[in-house]
Peer 1: 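This is the structure, below, for whatever I ask next.
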Amino acid sequence: MLKNITLHVVSDYSALSTAAAKLFATYVAANPVGTYGFATGGTPEGMYEELCKMSESGKLDLTKITAFNLDEYVGLAPNDPQSYAYYMENRLFNRTGVPMANRHIPSGIAQCPNTECNKYEELIHKCGGIDLQILGIGTNGHIGFNEPENTFAGQTSHVALAEETINVNARFFDDINDVPRYAISMGMQTIMMAETLLLLASGDSKAKILKEALLGSITPHVPASVLQMHRKLIVIADKAATKYI
Ligand code: PGA
């Protein structure tokens, strides 16, 4: 049973991108000054492209939102093309005019990552929490960089990437040895505080883990499984990703 979860199954990645962008735009229209949480990776790229098009044609205004990203690689500066800061600038923020002062991503080059984590967590609270958080899911069930562990990660923290994550993310780098081994990630508790969660999943590679996350037992070995306890979880997934549900 899918309990409190709203699941939209769409035909393919292109339909997922359009549906996610439309839903996101509805939230922004209702709350143009809201605080929105963003994810990176391959899955939301199509959605961000749709949002840029909507913004460019005057159908969406992101110029008053506040943005918080889920995570950043430790060791990568914002101008590094592999950093998530660079990803967001180029795939969404610059093209939609999200105000510079409202773009929040943990710094990957902070002298003390733990201090950076605490500052980031405080800033989210100071801004009143996140209204709508976009999420992807890793093939190992991670959310942000909250990797499978024996306990659920709480607040924003300095984390080690799992071997599986390093292998999967190597496709974005020239060499697997270039993939950073550490990151700063919002914790599961931080993510669970968001008013609404929008989880996106596409493709066969996500089918097994999506089933475990939505229908399996709630365990820190599948971090995404805790999302079952959220009061408002919306999932948009394509047929391939939902083939076991
Ligand atoms: P992906 O990554 O969108 O590139 O599949 C998702 C994730 O690792 O959380």
Side-chain angles (χ1 to χ4, degrees), residues 10 12-21 24 37-51 68-74 76 81-88 90-92 105-106 108 130 133-149 152-153 156-157 159-173 176 178-188 190-192 194 197-214 220-227 230 233-243:
V10 295
D12 55 16
Y13 181 69
S14 163
L16 174 145
S17 302
T18 314
F24 185 82
F38 293 95
T40 50
T43 311
E45 282 183 16
M47 170 193 182
Y48 295 159
E49 182 59 33
E50 288 302 316
L51 292 178
F68 279 95
N69 261 75
L70 278 176
D71 45 23
E72 179 60 285
Y73 288 118
V74 166
L76 300 192
Q82 303 295 352
S83 74
Y84 288 156
Y86 189 94
Y87 173 116
M88 290 307 298
N90 290 285
R91 287 191 172 77
L92 189 72
I105 301 182
I130 292 165
Q133 174 68 53
I134 299 160
L135 301 171
I137 181 170
T139 51
N140 65 353
H142 77 195
I143 291 288
F145 278 125
N146 294 290
E147 305 287 16
E149 296 282 0
F152 281 113
T156 302
S157 46
V159 293
L161 270 55
E163 205 57 41
E164 182 168 338
T165 299
I166 292 167
N167 292 334
V168 170
N169 286 10
R171 71 190 193 281
F172 296 117
F173 292 79
I176 191 165
D178 295 340
V179 183
R181 269 33 185 181
Y182 293 90
I184 290 177
S185 178
M186 273 189 209
M188 290 312 296
T190 323
I191 292 165
M192 289 294 280
L197 299 178
L198 173 57
L199 174 66
L200 308 178
S202 171
D204 289 313
S205 67
K206 300 292 171 70
K208 189 170 160 286
I209 198 66
L210 191 65
K211 181 186 177 192
E212 279 183 51
L214 300 183
H221 296 289
V222 181
S225 63
V226 78
L227 303 180
H230 195 273
L233 171 64
I234 304 169
V235 182
I236 304 181
D238 59 20
K239 278 193 184 137
T242 50
K243 66 181 176 189

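Each ligand, and each atom within it, is numbered from 1 in the order the structure gives.
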Peer 1: Taking atom 9 (O) of ligand 1 as the point of reference, which of Glu164, Lys206, His142, Arg171 owns the nearest heavy atom?
Peer 2: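 Closest candidate by heavy-atom distance is His142.
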Peer 1: Could you give the distance from CG (Leu199) to CD1 (Ile234), rounded to the nearest 0.5 Å?
Peer 2: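 Spacing of CG (Leu199) from CD1 (Ile234) equals 10.5 Å.
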Peer 1: Lys206 side chain to Thr139 main-chain N or O, any donor-acceptor pair under 3.5 Å?
Peer 2: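 Between the backbone of Thr139 and the side chain of Lys206 there is no qualifying donor-acceptor contact (under 3.5 Å).
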Peer 1: Short question: side chain of Asn140, backbone of His142 - any donor-acceptor pair under 3.5 Å?
Peer 2: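 Indeed, once roles are kept as given, a pair shorter than 3.5 Å links the two residues.
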Peer 1: Quick one: look up the protein heavy atom nearest atom 6 (C) of ligand 1 and list residue, atom name and how far away it is.
Peer 2: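 Checked against all protein heavy atoms, atom 6 (C) of ligand 1 sits closest to Ile137 O, 3.5 Å.
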Peer 1: Which of the numbered atoms in ligand 1 are below 4.0 angstrom from a heavy atom of Thr43?
Peer 2: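 So the atoms of ligand 1 that pass are 1 (P), 3 (O), 5 (O).
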Peer 1: Any side-chain to backbone donor/acceptor pair from Tyr84 onto Ala39? Under 3.5 Å, distance only.
Peer 2: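 Answer holds: no.
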Peer 1: If we only count N/O pairs under 3.5 Å, is Gly42 in contact with ligand 1?
Peer 2: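 Yes; the residue has a nitrogen or oxygen that sits under 3.5 Å from a nitrogen or oxygen of the ligand.
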